[in-house]
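Reading through the structure tokens given below for one structure.
Letters A, B, ... mirror the listed sequences (proteins, then strands); counts begin at 1.
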Number of protein chains: 2
Amino acid sequence: MSKVLVFGHKNPDTDTITSAIVYAYLKQQIGIDAEAVRLGEVNNETQFALDKFGFEAPRSISSVVGAEQVILVDHNEFQQSADGIEEVQITEVIDHHRIANFQTADPLYYRAEPVGCTATILNKIFKENSIEIPANIAGLMLSAIVSDTLLFKSPTCTEQDIKAGEELASIAGVDIAEYGLAMLKAGADLSDKSLEDLLSLDAKEFQFGEYKSVVAQVNAVDINDVLGRQEELEILLNKNVAENGLDLFFFVVTDILNNDSTAVAIGQVAEAAAKGFGAELVNNRVILPGVVSRKKQIVPVLTDALK
Amino acid sequence: MSKVLVFGHKNPDTDTITSAIVYAYLKQQIGIDAEAVRLGEVNNETQFALDKFGFEAPRSISSVVGAEQVILVDHNEFQQSADGIEEVQITEVIDHHRIANFQTADPLYYRAEPVGCTATILNKIFKENSIEIPANIAGLMLSAIVSDTLLFKSPTCTEQDIKAGEELASIAGVDIAEYGLAMLKAGADLSDKSLEDLLSLDAKEFQFGEYKSVVAQVNAVDINDVLGRQEELEILLNKNVAENGLDLFFFVVTDILNNDSTAVAIGQVAEAAAKGFGAELVNNRVILPGVVSRKKQIVPVLTDALK
């Protein structure tokens with residue numbers, strides 16, 4: 001049997017990259033020829049984690065055509081997945097997102113739990129299979145949890161994520177607060193990023209009712225690093241909306257120190273999107289106090305507002 | 001918080017009814033106010049199992065409008081689920097089928113495994129939660145496994161189903177072969193069924209290429225109980241084909257003692273359907289030696305033959 005490819009979503013984040021590496025490792029331990037791959041560039045935060053624990057980034061692929069079997073981690077929606085995903089057999093999914101635009105011809109192993117991070121589920125699967133977690137693998141898993149929960153401060157964070165994070169930090173031998181903040185700051189350092197980079201860094205496509213939409217999110221220590229360039233940003237967003245036939249580009253800048261966000265919304269349903277949050281669109285901006293989670297605080301609101 | 005409803009698919013079978021009861025019980029043990037309900041009549045086989053282990057059939061509902069949260073067992077495709085399913089929050093799915101025509105707005109607990117029966121997965125979830133399985137609940141779970149795997153003889157049956165079945169039989173204190181055959185025979189007793197009943201008892205609609213089709217299946221101890229009434233049956237099938245614009249009605253009678261089937265095929269692609277099995281359509285019948293599973297031995301063949 002040929003190799004099983006394991007990968008997360010396009011525009012990969014730390015959970016997606018590390019969960020592919022970690023789950024491929026786990027499958028190898030039970031005798032399955034699995035290889036972690038990625039669907040895009042590794043961001044600064046993820047690179048910081050890979051360097052810290054001594055891993056190379058997985059091989060990059062753009063399409064799965066030619067593969068026979070694949071395992072998806074940290075996503076399920078086909079538009080966020082590899083090109084050609086409809087043509088291959090998906091044997092497993094390990095995820096913590098809503099399910100949409102996903103289907104298979106055959107029964108499969110699908111494990112989704114409403115927790116803050118894929119790594120928290122993987123931590124259980126290691127236990128269920130009685131496989132020991134090496135220190136460097138634990139370090140990657142901790143990095144994913146810190147990233148997805150913003151150091152346990154996101155509303156997506158559950159007791160299970162905190163418990164898993166503490167267990168994994170102990171195995172990895174790192175101080176969570178110290179390492180976690182250093183990693184988040186590495187990711188929030190936008191100084192070497194062009195606005196084009198920021199647009200694609202963590203952008204996900206969604207279909208809200210009839211409306212084709214993109215919700216992008218960047219973390220910042222100082223949100224004015226981004227919002228200070230709003231005029232230039234809007235030109236790019238408008239271009240992207242026109243070229244891709246979007247009804248909405250919702251660009252969220254999250255302040256990782258104060259745990260608030262501001263979005264720049266462009267597209268024919270931008271006002272409706274703002275209203276969904278009980279807010280007004282002023283200067284194409286929506287102020288989102290206390291909002292840090294795309295999954296829990298943004299996507300459900302837009303799903304409802306635009307249905 | 002209001003009650004969480006737990007239910008399986010329309011035209012319920014033994015796995016669907018018992019898994020709703022069993023999973024509602026499990027949720028109650030961990031403090032969740034869950035109620036099992038059903039989306040249709042209880043068949044003879046399921047009633048036999050309920051009677052044997054001292055359970056009432058769950059309350060019947062036709063729609064979930066008004067419910068807040070629901071848990072699906074043994075299915076996920078919305079067309080097989082309750083009316084109004086799009087309007088409620090699905091918090092969990094426990095299933096063993098392919099995933100299609102399913103979506104949620106929020107993250108959820110989704111547990112699918114490629115095994116023969118939902119009860120086999122529930123058996124794991126009891127262990128993961130360290131909840132003891134009472135004898136009568138184990139009896140229901142065993143009944144589901146016997147039903148879905150035709151006493152371990154279906155090609156959908158896995159090693160995990162056999163192991164779970166043996167564990168559960170031991171807890172329930174029943175002899176698998178003796179109890180299992182009695183239960184299957186109760187389901188295969190067609191003496192109180194009209195041909196109209198048989199047509200709808202376990203009929204599922206499929207689209208094979210351009211051809212709208214129905215594949216129905218009944219279990220029988222003596223297939224002549226049904227095939228002896230073929231003339232009358234064909235009148236009904238032809239009427240159904242005409243009224244519903246079908247290209248194929250594939251009515252399968254399965255001999256549960258010898259594990260063979262015979263189909264009566266009506267519709268413009270009936271001959272092509274027979275050829276898919278390497279057989280000839282004679283007197284509108286197709287002989288299907290060794291075929292017992294619609295999911296694994298019939299639907300894939302028709303999908304290929306009629307594409």
- [ ] Measure distances from Asp304(A) to the heavy atoms of chain B and classify the residue's part below 4.5 Å as side chain, backbone, both or neither.
- [x] neither
Open item on the list: With a 4.5 angstrom heavy-atom cut-off, is it the side chain or the backbone of Thr303(A) that approaches chain B, or both, or neither?
Closed with: side chain
[X], [atom1] atom: more than 12 neighbouring heavy atoms under 6.0 Å:
X: Glu86(A); atom1: CD; answer: yes
X: Glu128(B); atom1: CD; answer: yes
X: Tyr211(B); atom1: OH; answer: no

TODO: Rounded to the nearest 0.5 Å, what's the gap from NE2 on His96(A) to OH on Tyr109(B)? Could you check?
DONE: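 Reported value, rounded in 0.5 Å steps: 16.0 Å.
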Task: Gap between atom CD1 of Ile90(B) and atom CZ of Arg98(A) - 0.5 Å precision - done: 12.5 Å
- [ ] Among Lys127(A), His97(A), Lys307(A), Glu92(A), single out the residue with the greatest number of heavy-atom pairs under 4.5 Å to chain B.
- [x]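 Of the options given, most contacts go to His97(A).
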Task: Shortest non-hydrogen contact from Pro300(A) toward Asp106(B) - done: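 Looks like CG-OD1, 3.6 Å.
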